[in-house]
Amino acid sequence: MDPGGSGRCRRPCVFARETRVLQDRPVVRRTGWTQGGRYSNMIKRIIHDHVTEALDALKLSHDKEFTVEVPNNPEHGDYSSNAAMVLAKENKTAPKKLAEKLLKELVKNKYFKSVTIAGPGFINFEIAPALYQKTLWDIHKLGAEFGDSEYGEGEKVLLEFVSANPTGPLNIVSARAAAYGDTLYRIMKKVGFDPAREFYINDAGNQVDILAESLELRLREIHGENIGEFPYEAYHGEYVTHLAHKLNAADGARIFMMPEKERTERLKEFALNELLEMQRQSLERFDVTFEGWVSEKTLRGEGVVEEVLSYLTEADCTYEKEDAVWFASTKFGDDKDRVLMKSDGSITYFVPDLAYHLTKIQRGFTKLIDVFGPDHHGYVPRLKAAFRALNYDEDMLEIIFLQQVNLFESGEKVKMSKRAGKIVTMDDLVNVVGKDAARYFFIARKANAHLNFDLELALQQNNDNPVYYCQYAHARICSILKKAKKDKVYPRSFKKELTQKLTRPDELALIQKITDLPELLEVIAAYREPHRLATYTEELCGLFHRFYNKFQVVSAKNKELSQARLLLIETVKDTLAMCLDLMGISAPEKM
RNA sequence: GCGCCAGUAGCUCAGCUGGAUAGAGCAGCAGCCUUCUAAGCUGCGGGUCGGGGGUUCGAGUCCCUUCUGGCGUGCCA
């Protein structure tokens with residue numbers, strides 16, 4: 001093969017060749033704001049709007065942006081704004097003086113129980129129940145659209161995750177990747193990105209050859225042949241023997257009469273189809289599906305490998321050494337140069353994978369997110385280097401590393417080896433703890449933290465899993481609603497005036513918590529941190545369980561209050577169901 | 001050696017991207033079911049945020065350094 005040859009243009013170009021300008025794009029766009037420059041948090045938005053109105057009424061300028069935040073210290077009110085401090089300069093007024101002017105306007109508002117000035121010019125707001133009540137009603141009206149946003153501006157994002165070798169059952173790290181990637185996908189979609197999930201099938205490398213050899217040995221074993229000691233390099237897992245039996249049932253001894261090349265192809269094809277189907281089913285049981293499954297083998301057949309090689313050569317960053325073709329990736333920030341074509345003329349994993357990434361760009365994706373296992377971080381610099389060499393914006397490529405999962409049994413770390421067939425599979429895990437608990441367990445931890453998983457704990461004390469805490473809250477609410485309907489307390493439709501009955505701190509705290517969700521979802525999408533949804537869900541449930549223990553909802557004596565609380569808990573239930581759904585976890589009506 | 005990630009309560013982990021008094025769940029102790037699900041709630045105990053410097057009005061969060069653990073550093077994928 002001649003990567004620098006002139007054959008490049010004989011076939012149609014797979015990739016666009018226009019030069020891309022490297023651009024400085026912010027890694028994270030501003031969160032918490034919708035496109036119109038308004039807060040996605042409804043209460044913050046109202047406060048922000050009122051401050052703006054006050055500024056206008058006082059004919060004060062407000063070119064610079066000011067914020068509304070929830071102060072950490074509750075003594076500083078429910079919400080706090082830095083408007084006076086930010087706008088002091090452009091109005092040529094001292095911050096405190098400006099704050100005092102604003103204060104006079106703001107105290108007129110029925111939504112604020114108190115407005116005070118603190119510190120260097122913070123304006124602190126204590127919120128009147130009326131604002132919480134109005135907000136609850138607005139959320140109720142939004143229904144399933146609550147939390148929807150245009151934050152992502154329809155950006156096409158490709159999420160690649162799992163992408164395991166199709167040489168065996170999926171392991172625990174794949175399960176973690178599946179839970180992480182799928183949840184991130186769901187949340188990004190909710191906040192206005194245009195994401196797609198993709199699984200890259202490494203069905204063309206060395207590992208597949210070894211798989212075929214392993215299968216052939218097991219097949220010969222079935223036919224009574226003495227195969228001697230099973231090679232160390234081969235796949236030792238029991239599933240290979242199962243596959244051999246299945247293949248034997250289909251082909252019998254016929255396969256041994258095929259020419260060697262044909263037989264190898266048959267073995268490969270059979271094993272890959274079976275194992276890929278097995279992986280697909282494991283993922284489906286985990287409620288994870290993919291918009292795309294891209295085969296390395298297919299990709300190679302499309303000529304993209306040669307094309308990528310020629311581009312790199314054209315960019316003058318390849319050379320030959322020791323009969324191999326190298327990529328001078330050190331020119332672009334890598335530690336060492338990388339082999340593209342081995343001395344035996346075959347291609348390294350890197351080339352088709354790079355080609356695959358370029359097809360993503362070709363298909364119109366502007367953000368390529370790869371979720372990798374911990375053992376791949378050395379691989380990133382060469383991918384980034386290739387992007388730079390080919391003049392693509394390397395910031396389009398974003399790699400997220402999931403740290404490893406350590407399994408513990410009886411306090412001892414379980415050592416796993418795919419080669420040796422010692423492996424706890426994704427299916428094992430789902431069988432033991434169930435889909436919901438497993439997904440929750442993986443989602444609830446941030447990506448780049450190691451994860452210790454005690455199998456016995458999961459097996460014996462699975463009620464300790466916080467997922468039940470959340471699902472239980474949902475089931476409890478369903479139970480109350482059922483009782484309300486049975487007692488004929490549940491109204492045909494809720495009336496807005498009912499919300500005025502909600503004045504207790506526990507009730508208002510629930511409303512406030514619900515209003516946090518839309519902004520949180522944007523933050524999660526922006527920072528790729530789905531674990532924060534798990535934390536949020538637990539907090540929401542905690543508030544509900546406390547409320548539940550304190551107050552009776554259904555009461556024939558006070559029907560209006562009952563109905564107001566029914567509206568509240570139904571909104572909690574819908575919010576909860578939404579959170580659980582975003583995590584791919586079921587929301588049971590009873591437990 | 002170099003690079004990446006992590007180190008927060010006995011254990012597993014959060015900590016809103018620099019804010020005021022560091023949180024939750026398990027585990028331990030003490031309470032709460034004739035009322036909508038006790039897989040729940042309430043209270044108590046538990047911490048030199050690995051160590052040391054620095055930046056800042058302010059650091060678990062940022063910078064430097066050091067220790068410990070994991071991973072990477074193949075013409076494997």
Side-chain angles (χ1 to χ4, degrees), chain A residues 28 31-32 69-76 119-120 163-165 167 202 204-208 210 233 296 321-326 335-336 338-350 352-353 373-381 399 401-404 406 408 411 441 444-454 457 461-473 475-484 486-487 489 516 519-520 523-524 526-527 529 531-532 534-536 538-539 541-542 544-555 562 565-566 569 590-591:
Chain A
V28 173
T31 55
E69 295 300 329
V70 177
N72 274 1
N73 188 339
E75 283 172 24
H76 295 155
S163 295
N165 283 327
T167 52
N202 303 147
N206 248 341
Q207 313 284 2
V208 181
I210 296 171
E233 284 296 313
E296 179 185 347
K321 191 178 89 182
E322 296 163 7
D323 294 331
V325 180
W326 296 69
D335 292 351
K336 52 182 74 173
R338 307 293 174 173
V339 170
L340 299 170
M341 192 192 298
K342 306 178 207 170
S343 49
D344 66 2
S346 65
I347 286 294
T348 58
Y349 169 84
F350 173 57
D353 190 44
D375 50 341
H376 278 60
H377 63 74
Y379 182 68
V380 177
I399 315 286
F401 289 102
L402 291 177
Q403 288 303 315
Q404 67 190 60
N406 295 319
F408 284 84
F441 195 89
R445 280 150 179 81
K446 63 183 169 202
N448 54 5
H450 295 238
L451 199 158
N452 291 329
F453 199 130
D454 191 320
L457 205 70
Q461 307 184 352
N462 61 1
N463 280 353
D464 288 341
N465 194 313
V467 72
Y468 296 100
Y469 184 79
C470 299
Q471 292 181 317
Y472 188 59
R476 255 186 167 173
I477 296 174
C478 291
S479 174
I480 300 171
L481 295 175
K482 205 167 143 193
K483 160 107 172 137
K486 192 177 140 223
D487 292 1
V489 176
D516 285 342
E519 189 179 352
L520 178 72
V523 172
I524 290 170
Y527 292 98
E529 293 182 337
H531 73 275
R532 292 173 55 171
T535 310
Y536 172 85
E538 280 179 54
E539 286 165 1
C541 292
F544 169 73
H545 283 307
R546 256 161 270 161
F547 165 80
Y548 175 89
N549 272 274
K550 226 161 155 180
F551 303 107
Q552 178 82 12
V553 174
V554 180
S555 153
S562 283
R565 285 178 173 165
L566 285 168
I569 65 165
K590 59 180 167 186
M591 285 171 76

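Being a predicted model, the structure only gives us computed values, none of them experimental. Residue numbering restarts at 1 for every chain, and letters A, B, ... go by the order of the sequence lines.
- Relative orientation of the A:F551 and A:F547 rings is tilted, given thresholds of 30° and 60° on the angle between their planes.
- Here the closest non-hydrogen pair linking A:F401 and A:G373 is CD2-O, 3.6 Å.
- Rounded to whole Å, atom C1' of B:C36 lies 10 Å from atom NZ of A:K486.
- Rounded to an integer number of Å, the gap from CZ of A:F547 to C1' of B:C36 is 11 Å.
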Distances for protein N or O near nucleotides 29-35 of chain B N or O, under 3.5 Å:
| residue | atom | partner | partner atom | Å |
| --- | --- | --- | --- | --- |
| B:U35 | O2 | A:Q552 | OE1 | 3.3 |

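- Not a single donor-acceptor pair under 3.5 Å links the side chain of A:H545 to the backbone N or O of A:Y472.
- A distance of 7.0 Å separates CG in A:L340 from CD1 in A:I347, rounded to the nearest 0.5 Å.
- In this structure, A:E539 places its CD atom 9 Å from C1' of B:A24, rounding to the nearest Å.
- In this structure, A:V553 reaches the bases: a heavy-atom distance under 4.0 Å links it to at least one base atom across the strands shown.
- Under 4.0 angstrom from either OP1 or OP2 of B:G15 there lies at least one side-chain N or O belonging to A:H531.
- Nucleotides B:G40 and B:C2, compared at atom P, are 50 Å apart to the nearest Å.
- Close to B:A24, at under 4.0 Å from its OP1 or OP2, lies no side-chain N or O of A:Y469.
- B:C29 and B:G43 make up a base pair, with Watson-Crick or G-U wobble contacts both under 3.5 Å.
- Atom NZ of A:K342 has more than 12 heavy atoms from other residues, nucleotides or ligands within 6.0 Å.
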Polar-atom pairs under 3.5 Å, protein N or O versus N or O of nucleotides 6-8 of chain B: list them with distances, or write none.
| residue | atom | partner | partner atom | Å |
| --- | --- | --- | --- | --- |
| B:A6 | OP1 | A:N448 | ND2 | 3.3 |

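- Between the CD atom of A:E538 and the C1' atom of B:C26 there is a distance of 12 Å, given to the nearest Å.
- Along RNA chain B, the nucleotide nearest to A:E296 and the one nearest to A:E529 differ in position, and the one closer to the 5' end is contacted by A:E529.
- Atoms CD (A:E69) and P (B:G18) sit 13 Å apart, rounded to a whole Å.
- Between B:G18 and B:A6, the distance separating the two P atoms is 15 Å to the nearest Å.
- Looking only at side-chain heavy atoms (C-beta outward), A:Q403 and A:L451 stay at 4.5 Å or farther from each other.
- For B:C33, the base is syn relative to its sugar; the glycosidic angle is within 90° of 0.
- As rounded to the nearest Å, B:A27 and B:C11 have C1' atoms that lie 7 Å from one another.
- Separating the C1' atom of B:G28 from that of B:G46 is a span of 10 Å, rounded to the nearest Å.
- Using a 4.0 Å heavy-atom criterion, one finds that A:F551 contacts the bases of the nucleic acid, with or without backbone contacts as well.
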Pairwise N/O distances under 3.5 Å, protein to nucleotides 72-75 of chain B:
| residue | atom | partner | partner atom | Å |
| --- | --- | --- | --- | --- |
| B:U73 | O3' | A:K336 | NZ | 3.3 |
| B:U73 | O2' | A:K336 | NZ | 3.0 |
| B:G74 | OP2 | A:K336 | NZ | 2.5 |
| B:C75 | O2 | A:S343 | N | 2.8 |
| B:C75 | O2 | A:S343 | OG | 3.1 |
| B:C75 | N3 | A:S343 | OG | 3.4 |
| B:C75 | N4 | A:E322 | O | 3.1 |
| B:C75 | N4 | A:E322 | OE1 | 3.3 |

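- Rounded to whole Å, the separation between the C1' atoms of B:U34 and B:C29 comes to 29 Å.
- Here the shortest heavy-atom pairing between A:A473 and A:C541 reads CB-SG, 3.7 Å.
- Considering every non-hydrogen atom in both A:E69 and A:P71, the closest pair reads O-CD, 3.4 Å.
- Using modelled atom types, no side-chain atom of A:D487 and backbone atom of A:V489 make a donor-acceptor pair closer than 3.5 Å.
- Using a 4.0 Å heavy-atom criterion, one finds that A:I477 contacts no nucleic acid atom at all.
- Both distances falling under 3.5 Å, in either a Watson-Crick or a G-U wobble arrangement, occur for no nucleotide opposite B:A77.
- Neither OP1 nor OP2 of B:C36 sits under 4.0 Å from any side-chain N or O of A:R565.
- In this structure, the nucleotide among B:C36, B:G15, B:C76 sitting nearest to the side chain of A:V554 is B:C36.
- Nearest approach of A:P352 to A:T348, heavy atoms of both residues: CD-O, 3.1 Å.
- Between the C1' atoms of B:A9 and B:C62, the separation comes to 26 Å (whole Å).
- Using N1 to N3 plus N6-O4 or O6-N4 for Watson-Crick, or N1-O2 and O6-N3 for G-U wobble, each under 3.5 Å, B:C2 pairs with B:G72.
- The phosphate of B:C36 has neither OP1 nor OP2 within less than 4.0 Å of any side-chain N or O from A:R476.
- The phosphate of B:A39 (OP1 or OP2) has a side-chain N or O of A:Y472 nearer than 4.0 angstrom.
- By the 4.5 Å heavy-atom criterion applied to side chains, A:V380 and A:H376 are not counted as neighbours.
- With its glycosidic angle within 90° of 0, B:U17 adopts the syn conformation.
- For the C1' atom pair drawn from B:A14 and B:G52, the interatomic distance equals 27 Å after rounding to whole Å.
- Taking atom OH of residue A:Y527 and atom C1' of nucleotide B:U61, one finds them 13 Å apart after rounding to whole Å.
- Cation-pi geometry between A:R532 and A:Y536 is not met: the NZ or CZ atom fails to fall both under 6.0 Å from the ring centre and inside 45° of the normal.
- We find the OH-CZ distance between A:Y548 and A:R565 to be 13.0 Å, quoted to the nearest 0.5 Å.
- For the C1' atom pair drawn from B:U8 and B:C44, the interatomic distance equals 22 Å after rounding to whole Å.
- Taking both residues in full, the closest heavy atoms of A:S562 and A:V553 are given as OG-O, 2.9 Å, listed atom of the first, atom of the second, then distance.
- Distance A:F401 CZ to B:G3 P: 16 Å, rounded to the nearest Å.
- Taking the six-membered ring where tryptophan is involved, the planes of A:Y379 and A:Y349 are tilted, since the angle between them lies from 30° to 60°.
- Considering only the side chain of A:Q404, B:G70 comes nearest among B:G70, B:C76, B:C36.
- Atom CD1 in A:I347 sits roughly 11 Å away from atom P in B:A77 (whole-Å rounding).
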